[in-house]
Amino acid sequence: MAGLDVRGLSVSLFTRGGVLPALSEVSLSVQPGRTLALVGESGCGKSMTALAIMRLLPEPPARIIAGKVMLGDTDLAALPERRMLGVRGKAVSMIFQDPMSSLNPVVPVGQQIMEVLRRHENLSGSAARTRAAELLTLVGIPDAEARLDEYPHRLSGGMCQRVMIAIAIACRPAVLVADEPTTALDVTVQAQILELLKRLQAETGMALLLITHDLGVVAEMADEVAVMYAGRVVEQGPVDAIFAAPLHPYTRGLLGATPSGGTAGRHTRLADIPGSVPSLAELPAGCAFAPRCKLAHAACTAQPPLKAEAPGHLAACFAALGVPAHAA
Amino acid sequence: MLRLLRRRLLQGVPLILGVIIMNFLLIQAAPGSFLDVMSAESQVSDPAMLEQLRVTYGMDQPVWLQLVKYIWSVARLDFGFSYRQNMPVLDVILASLPATLVLMLASLLIALLLGVTAGVVAAVKVNTIWDNLLSFLAVLFFAAPSFWLGIMLTVLFAVKLGWVPVGGMMSITASNQGIVATVLDVLHHLALPAMALGLFYAAVYARVMRAAMLEVLSLDFIRTARAKGLGRWRVVLAHGLRNALLPIVTLFGLQFGTVLGGSIVVETVFSWPGLGSLMLDSVSSRNYPVVLGVLVFSSIVVILVNIAVDLAYLRLDPRIRAR
Ligand SMILES: Nc1ncnc2c1ncn2[C@@H]1O[C@H](COP(=O)(O)OP(=O)(O)OP(=O)(O)O)[C@@H](O)[C@H]1O
Ligand code: SF4
Ligand SMILES: [Mg+2]
């Protein structure tokens with residue numbers, strides 16, 4: 001099975017007010033059977049990354065201007081839409097934050113599952129229905145056969161997310177992109193959904209790109225973490241390394257860590273960092289985090305490159321990379 | 001579903017009662033009566049005879065008593081008697097009804113087909129030349145009065161091009177032609193009046209459809225449908241349309257009454273022998289029982305259609321069904 005390898009992906013928003021750099025040179029990779037958590041404050045470009053991978057960006061205003069989205073040997077970013085239709089829901093699937101509104105309110109859930117089976121698996125009629133019921137059972141919905149004819153509003157949020165997951169895994173995708181799949185759910189339900197994703201991943205060996213705000217979820221689920229800020233990946237590495245020794249001041253801020261090391265705890269949400277995310281229209285030159293960074297110095301008016309500090313652990317920060325304050 | 005039907009029907013009763021009372025009083029306030037016309041046309045000149053007729057038609061009685069009697073007879077589906085056609089008013093109405101229904105259905109069909117299609121295309125191609133063109137046409141047909149549109153269509157297609165007849169519902173020779181030829185003949189006559197009436201509503205539907213579709217297309221489940229790998233038009237038709245049609249269904253019910261009203265205007269322009277023509281003829285001959293009958297009868301039809309639309313809405317939207 002193929003993993004996902006995003007290389008130097010840049011997305012711009014072509015608005016009336018000008019061209020905004022929504023994503024700049026984002027590189028990520030998720031291997032089969034592994035989970036990459038994508039974290040960062042609201043508005044830093046996590047959903048944008050997910051949608052760009054799916055080629056579901058709102059066009060206009062958004063457009064991929066550079067980079068590759070490699071799925072095995074195929075560059076999804078370069079595929080014509082007609083061929084991309086054969087990829088979505090088949091090789092790469094996505095689930096979303098609000099499961100209730102993600103299902104069509106006037107169509108029974110069974111139909112919504114069968115639709116993707118008809119589209120990609122050439123199943124029809126009773127075969128599709130049987131398979132849909134199997135999928136519902138697989139995602140832990142009891143009495144599946146009867147549930148097929150329910151409308152979404154008759155199901156709870158957790159149930160709806162299970163249905164969404166059933167749709168997403170129906171064709172055994174190589175990659176599942178989950179954009180805050182548990183944010184809208186109750187705490188107990190959150191745990192169940194995560195458990196389900198883990199089990200399905202173990203069974204199918206799919207790669208999971210998990211977007212979340214929740215450090216508990218990261219600790220629970222992820223093998224790797226990528227931290228985003230203002231449309232860039234600023235730190236990336238194995239989950240243990242990131243929790244034990246975060247390099248980027250932004251990551252430390254998120255983890256509630258002191259610069260001398262040691263995190264505030266894994267079971268909290270991202271910590272608040274003083275100041276706010278700059279708008280895309282007013283990004284400072286150089287490191288976008290500089291206005292909020294205690295370690296900012298003269299060199300930070302240039303763009304810090306994403307460099308490996310330890311094997312597999314990358315950060316984009318002059319201070320973290322040991323550039324001394326007097327260097328510039 | 002049945003419970004709702006019963007409740008709606010019960011709610012309809014006071015509504016119909018109100019309609020009868022209002023129209024009855026309106027007609028009472030109108031000047032003259034058919035007896036004036038009769039005497040003016042010198043069918044009856046003897047004052048004693050006129051007095052006799054007044055008594056026969058109950059016109060000597062106090063207004064409230066006439067009203068109560070009228071309501072009572074309507075309840076038994078008796079709308080009075082028309083001296084002019086020498087038939088019960090109900091029979092007169094039923095004789096003209098099919099022509100109006102055919103015209104209305106054809107117009108609504110045109111309105112739905114053109115309006116929904118135009119609205120969907122405009123929404124999918126939003127802010128393109130297609131959207132602009134369709135919006136321009138919608139404004140044009142929305143602003144054009146149907147009688148003016150009717151006359152313009154007649155001038156172009158009937159007078160200048162000679163493609164269709166100027167008016168009427170069928171050719172004089174049609175009766176001995178066989179069923180297929182007759183239907184074709186009626187359709188031939190129907191084209192212009194149905195367009196004149198239907199284009200306005202097509203414009204209304206197009207505007208509502210465009211707005212509804214744009215809103216629906218921005219909803220989360222549309223993104224889900226795209227994430228399944230469905231093509232653009234499949235997403236629009238299979239997931240967007242069903243949701244975006246809901247406001248159209250409501251509008252259809254609300255506007256059924258005005259379509260009926262509009263057909264009166266169009267019928268007179270095209271001498272289409274339906275309720276509109278009957279109405280006009282009856283007003284000018286002060287044949288008030290027929291006028292009142294048409295008003296009350298059509299109100300009842302409109303109320304019934306609205307009940308049917310409510311039930312249809314219930315079928316289309318499972319969220320409402322649940323309540
Ligand atoms: N149509 C648009 N026009 C202008 N800016 C946009 C548009 N869509 C998104 N943005 C901007 O793109 C940036 C990235 O948004 P994105 O939704 O990816 O953030 P996110 O990391 O998913 O945040 P959240 O945690 O709130 O989901 C934001 O700054 C947002 O304001
Ligand atoms: S590059 Fe400079 S401003 Fe940016 S995070 Fe590092 S130290 Fe702070
Ligand atoms: Mg988001």
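Letters A, B, ... are given to chains in the order of the sequence lines, protein chains preceding strands, and every chain is numbered from 1. Hydrogens, waters and symmetry mates play no part in the numbers below; they use all other heavy atoms, side chains included.
Interface remark: A:S93 contributes no atoms to any contact with chain B (heavy atom separation under 4.5 Å). Contact annotation for A:M84: neither backbone nor side-chain heavy atoms come within less than 4.5 Å of a heavy atom of chain B. With a 4.5 angstrom heavy-atom cutoff, B:I222 does not touch chain A via any of its atoms. At a 4.5 Å heavy-atom cutoff, the contact between A:I167 and chain B is made by side-chain atoms alone. Interface remark: B:R232 contributes no atoms to any contact with chain A (heavy atom separation under 4.5 Å). Looking at A:Q112, both its backbone and its side chain come within 4.5 Å of chain B, counting heavy atoms on both sides. Proximity to chain B is limited to the backbone of A:R55, based on heavy atoms less than 4.5 angstrom apart. No part of A:I95 comes within reach of chain B, as not one of its non-hydrogen atoms sits under 4.5 angstrom from that chain.
Ranking A:V116, A:V107, A:V87, A:L51 against chain B, the residue ahead of the rest is A:V116, based on heavy-atom pairs under 4.5 Å. Heavy-atom pairs under 4.5 Å with chain B were tallied for A:P152, A:S102, A:P58, A:P108; the largest tally goes to A:S102. For the set A:M100, A:R88, A:Q97, the count of heavy-atom pairs under 4.5 angstrom toward chain B peaks at A:R88. For the options B:V216, B:L246, B:N243, B:L219, heavy-atom pairs under 4.5 Å to chain A are most numerous at B:N243. The candidate with the highest count of non-hydrogen atom pairs below 4.5 Å against chain B, out of A:R119, A:M54, A:E115, is A:E115.
Ion pairing of B:R210 with B:D131 is present here, as a side-chain N (NZ or NE/NH1/NH2) and a carboxylate O approach within less than 4.0 Å. We find that A:E150 and A:R154 are joined by a salt bridge, their nearest charged nitrogen and carboxylate oxygen being less than 4.0 Å apart. A salt bridge links A:R129 with A:E145: the distance from a Lys NZ or Arg NE/NH1/NH2 to an Asp or Glu carboxylate oxygen falls below 4.0 Å.
Here the options are B:R8, B:R7, B:R315, the test is salt bridge (charged side-chain N to carboxylate O under 4.0 Å, His left out), and the partner is B:D310; only B:R8 passes. Screening B:L108, B:L251, B:V309 for a side-chain contact (heavy atoms from CB on, under 4.5 Å) involving B:F256 leaves a single residue, B:L108.
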Could you give me the CA-CA distance, side-chain angles and deciding distance for A:L4 and A:L28, then say whether side-chain contact (heavy atoms from CB on, under 4.5 Å) is met?
CA-CA 8 Å; A:L4 181 73; A:L28 307 162; over 6 Å; no
Determine whether A:E121 and A:K90 satisfy the following criterion, salt bridge (charged side-chain N to carboxylate O under 4.0 Å, His left out), listing intermediate values before the conclusion.
CA-CA 9 Å; A:E121 306 278 273; A:K90 169 114 178 122; 3.2 Å; yes
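No donor-acceptor pair under 3.5 Å is formed between the side chain of A:H213 and the backbone N or O of A:E180.
Side chain to side chain, A:D179 and A:S47 meet the donor-acceptor criterion of an N or O pair below 3.5 Å.
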